[in-house]
Amino acid sequence: MAELIKIRLPDDSIREIKAGSSIAEIASMIGPGLGRAVVAGKVNGEIVDQRYALAEACDVVIITKRDFEALDVLRHSAAHLMAMAVQRLRPGVKLAFGPSVEDGFYYDFDLEEVFREDDFAAIEEEMMRIVRADLPFERYEATRDEARDILSGMGEVLKVQHLEDIPGDSVSFYRIGDFQDLCEGPHVKSSGEIKAFKLLKTSSAYWKGDASNPVLNRVYGTAFFDKKDLKKHLTLLAERKKRDHRRLGAELDLFSFQPEAPGMVFWHAKGALLYQDLLDYFRAGHEERGYQIVRTPIVMSEELWKRSGHYDHYKDSMFFVDTDEGRWALKPMNCPGHNLIYRSGVRSYRDLPLRLTEPGQVHRNEMSGVVSGLTRVRSFAIDDAHIYCTPGQLCDEIVGVMDFVLKTYRDFAFPEYEVELSTRPLTGSIGSDEMWENATDALKEALERRGGEYRINPGDGAFYGPKIDFHLKDSLNRRWQCGTIQVDFAMPERFDLEYVGADGDRHRPVMVHRAVFGSLERFIAVLLEHHAGKLPVWLSPVQVVVMNITDAQAEAAGSVKEQLVSAGLRCRLDVRNEKIGKKIREATLEKIPYMLVLGDREVEDGTVSVRERTDGDLGSSSVAEFTARVTQEISERR
RNA sequence: GCUAGCGUAGCUCAACGGUAGAGCACGGGUUUUGUAAACCCGAGGUUGUGGGUUCGAUUCCCACCGCUAGCUCCA
C-alpha cells in the first residue's frame with residue numbers, strides 16, 4: 001500500500017493522497033469537472049505537467065483552461081507541434097528556441113531556405129494531422145552526457161550548444177511520436193488538445209538574441225483552447241490593423257511621411273491643430289504646477305554631449321553637423337540644455353525645487369529598420385521637464401509628478417495603466433552604488449506613499465539613474481510607455497550643479513527627469529488608435545460642420561457657422577451643391593463630432609438640426625443651446 | 001543595422017515580355033436635393049530611382065531609395 005502524503009490546495013484545505021498520484025488524478029478526485037478541465041498543475045509555485053507525480057507533501061494548484069498559465073502551456077506545446085510539423089516537411093531543419101510569448105508562440109529555425117507566409121498552409125495542415133493523431137507529450141529525463149549524445153545524434157547543433165548553458169546534471173526531453181525536443185516543459189497531455197491555432201508571421205531572429213550570432217528564421221503563431229477564442233483574437237488583430245494610426249492619419253488628413261525626411265512627420269493643418277491642443281494642455285498643466293517653461297537650442301556643441309555622457313552612450317543615434325567652427329550635435333534630449341540654464345546663475349535653496357520644462361524637439365538617428373509611423377520617429381517633441389531639488393524634497397516631487405501623469409491619462413480617456421520601477425542596468429551605467437541606492441529608494445518611497453500596484457523591472461533603468469515608467473493601456477488591449485520619472489544623481493555631478501543652502505554652504509541638487517506624454521508624436525498615435533480616430537470633441541480638429549439642404553439656406557448656414565466660430569468652436573461650412581446624404585456621409589467618415597443641418601424648416605424656426613457622428617440625428621435645437629452643449633463638453637474634455 | 005516581403009493615378013486595386021485600366025477622390029456641367037454615396041463629361045501615370053538582359057521591360061536580373069512585418073535597438 002502506497003504511503004499517504006498531505007497536499008495543500010489554494011483554499012488552504014489539506015488533502016491526503018497516495019504518494020505518486022498525478023496532478024490529473026488529484027483534479028479528478030476533487031471533482032469530475034475539474035478533472036476534465038485540468039491542463040497542468042503548480043507544485044510549490046512551480047508549474048508542472050498534469051502527469052507530474054507527487055512524491056511528498058506540497059502546495060498544489062490545479063491549472064485549468066481558464067487560468068492564464070494554461071494558455072502558456074498550450075502555446076508552448078503548439079510551438080513543439082509546429083517544430084515537429086516543420087521537421088516532417090523539411091527534414092534537416094535545426095531547432096533553436098520555441099517558447100510561448102504574449103499572444104502566442106514562436107519557434108526559431110535554422111534552415112537553408114527560409115519560410116514565408118505562403119508556407120503556412122502546408123505547415124498548418126501537417127500540424128492538424130498530428131493533432132488528429134492525438135499523440136501524447138511524453139517527458140523523460142536524461143543526464144547531460146546522454147542528452148548531448150541524443151542531440152548530436154539528431155544533428156541538433158544549436159540545442160547541443162544550448163545544453164552548455166543549462167545548469168544542473170539532468171535535463172528533460174519531451175517526445176511526441178517520433179519527434180523529441182530538449183525542453184523543460186510543461187506541456188499539455190497530448191497533441192489532440194491543440195485544436196485552435198494559426199501561424200501568423202515570420203521574422204528573422206538572432207541566435208540567443210545576439211546580433212553577432214547567426215540569423216535564424218522565426219515563425220510566429222498563436223493558439224487557444226477554443227476556436228471561438230482564436231477567432232476573437234484574430235478579429236482583434238484585424239481591428240488593430242484597421243485602426244492603425246498611419247491609416248487614420250492619411251484618411252483624416254492629419255499628417256504624412258515623405259521620403260525626403262524618412263522617420264520625420266509632416267503635420268498637415270488638421271494634425272498640427274491636434275498637436276497644438278497637446279501643447280496647450282502641456283502649457284496649462286505645467287503653469288498650474290509651478291513649472292517654468294523654457295526653450296533651449298536644437299543644435300549645441302559636441303562638447304556638451306561629451307560632458308553629459310550622452311556622447312559615449314548614444315553617439316551612434318545622434319545627428320551631427322560639421323561646420324568650420326567644429327562639430328555640432330542635434331539634441332537627442334533636453335536635459336543638458338536645462339542644466340546650462342540652471343548653471344546660468346547662483347541658485348539658493350530658496351529657488352528649489354526648480355522645475356524647468358520645454359516641449360523640446362529632439363532628434364535621434366534611429367536605425368532604418370526601426371522607424372515606424374508616429375510611434376518611432378527620428379524627430380519628435382518630448383514634454384520634458386527637469387526638476388532640481390534637495391534630497392529632502394525628492395519624494396514630494398516624485399509624488400507630484402505621479403499625480404500629474406495620472407491626471408493626464410484621465411483627461412485623455414485612458415482609464416487603465418500600469419506602473420513599473422526599473423533599476424540599475426548591469427552594464428554601462430554611470431554613478432556610484434550609493435547614488436543608485438538612494439535614487440531607487442526615493443522612487444520606492446514615493447510609490448508606496450501614493451499607493452497602487454507596481455512592478456519591478458530589474459536592470460531596465462537609464463544609464464544615469466533608476467526610473468518609474470507609466471504604461472497606459474489602450475482600447476485594443478495594448479500597453480504603451482508614455483510617462484516616465486527618472487532620478488539622476490549623476491548629471492548634477494557632471495555639470496557641477498550647486499545651490500547655496502541655508503547653512504551658507506554649497507550643495508549638490510538632485511535632478512529628476514520626467515515626461516508625461518512622453519513623445520507628443522507617439523502620444524498622438526496612441527490617442528488615434530485608442531479612439532479609432534473618433535477623437536473627443538475637445539481634440540477634434542473640426543468640431544462641427546454646418547450644412548445646408550439647398551442653396552436657399554446657404555446664407556443662413558453661413559451665419560450659423562459664424563456664430564459658432566465666434567463662440568470658439570472649430571467649424572466648417574459645407575454648402576456644396578450635393579445631397580444632404582452625401583455631406584453627412586463624408587463628415588461621418590471624417591469622424592467630425594457634430595453636423596448641423598439647415599433646411600427651410602430650421603431657417604423658418606431659427607433652429608438647427610443636430611446630428612452626432614455615432615448617435616445620429618438628435619433633433620433640432622437653437623444655436624445657443626447647441627453651442628452651450630458643445631462648449632460644456634469641451635471644457636469637461638469629453 | 002539584420003531577415004523576409006512590397007512599391008502601377010491622390011487613395012484602393014487590376015493587367016502584363018509588345019509603351020497601362022477600374023472605382024473612389026479631383027475639374028467642368030446638369031440637378032436644388034431632408035440625415036451615410038444623384039447624373040453626364042473630362043483630366044490625371046517615363047509603372048519608386050538608376051543600371052543590366054532583350055528586337056522590345058512596367059513585367060525578368062542587379063543596385064539604391066522608401067514602405068511593411070519581425071529581430072536587434074529605443075536616452
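Order of the sequence lines sets the chain letters (A, B, ...), proteins ahead of strands, with each chain counted from 1. Fair warning: this is a prediction, and the values are worked out from it, not measured in the lab.
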_Using the side-chain contact (heavy atoms from CB on, under 4.5 Å) definition, which of the options A/Y107, A/F105, A/F120 pairs with A/V219?_
A/F120
Results of side-chain hydrogen bond (donor to acceptor under 3.5 Å, both in side chains) for [X] - residues two or more places apart only:
X      : result
A/S204 : none
A/K591 : none
A/H530 : none
A/E397 : A/R355

*Would you mind telling me which of B/U72, B/C74, B/G34 lies closest to the side-chain atoms of A/E602?*
B/G34
*Which nucleotide sits closest to the side chain of A/R585: B/A37, B/U32, B/A75?*
B/A37
*Can you check the A/I592 CD1 to B/U35 P distance for me, whole Å?*
19 Å
*When only distance counts, do a donor and an acceptor, one from the side chain of A/N217 and one from the base of B/U3, lie under 3.5 Å apart?*
no
Identify each atom pair where a protein N or O and an N or O of nucleotides 38-43 of chain B are less than 3.5 Å apart, giving names and distance.
none

*Base, backbone or nothing for each nucleotide of nucleotides 61-71 of chain B, written B, S, -, heavy atoms under 4.0 angstrom, 5' to 3'?*
-----SSSSBB
*Contact state string [nucleotides 5-12 of chain B, B base, S sugar-phosphate only, - no protein heavy atom under 4.0 Å]*: S-------
In whole Å, measure the gap between the [atom1] atoms of [N] and [M] for me.
N     : M     : atom1 : answer
B/A63 : B/G7  : C1'   : 16 Å
B/G51 : B/A43 : C1'   : 34 Å
B/G70 : B/C55 : C1'   : 45 Å

*Summary of side chain to side chain donor-acceptor pair (under 3.5 Å) pairs that have at least one residue in residues 611-621 of chain A, sequence neighbours excluded*: A/E612-A/T614
*Which residues satisfy the side-chain contact (heavy atoms from CB on, under 4.5 Å) test with A/A205, sequence neighbours excluded?*
A/D108, A/R218
_Once side-chain contact (heavy atoms from CB on, under 4.5 Å) is applied, do any residues pair with A/E239, and if so which ones, sequence neighbours excluded?_
A/K242, A/R243, A/L476
*So, A/E625 and A/T627: side-chain donor and acceptor under 3.5 Å apart, yes or no?*
no
*Considering just the side-chain nitrogens and oxygens of A/R611, establish if one lies under 4.0 Å of OP1 or OP2 belonging to B/G34.*
no
*Determine the contact category for A/L589: base if any of its heavy atoms lies under 4.0 Å from a base atom, sugar-phosphate if only primed atoms, P, OP1 or OP2 are that close, otherwise nothing.*
base
*Would A/R424 and A/D433 pass as an ion pair if we require N to O under 4.0 Å?*
yes
_If the threshold is 4.0 Å, N to carboxylate O, is there a salt bridge linking A/K331 and A/E358?_
yes
*NZ or CZ of A/R75 within 45° of A/F224 ring axis and under 6.0 Å*: yes
*asked:* Going by salt bridge (Lys or Arg N to Asp or Glu O under 4.0 Å), A/E529 matches just one of A/R247, A/R240, A/R478. Which one?
replied: A/R478
*Stem segments of RNA chain B by first residue number [Watson-Crick or G-U, under 3.5 Å, at least 3]*: B:1-7 with B:65-71, B:10-13 with B:21-24, B:26-30 with B:38-42, B:48-52 with B:60-64
*asked:* I need the full list of salt bridge (Lys or Arg N to Asp or Glu O under 4.0 Å) pairs touching residues 305-319 of chain A, with sequence neighbours left out, sorted by first then second residue.
replied: A/E302-A/K306
*5'-most contact on RNA chain B: A/R576 or A/R364, nearest heavy atom basis?*
A/R576
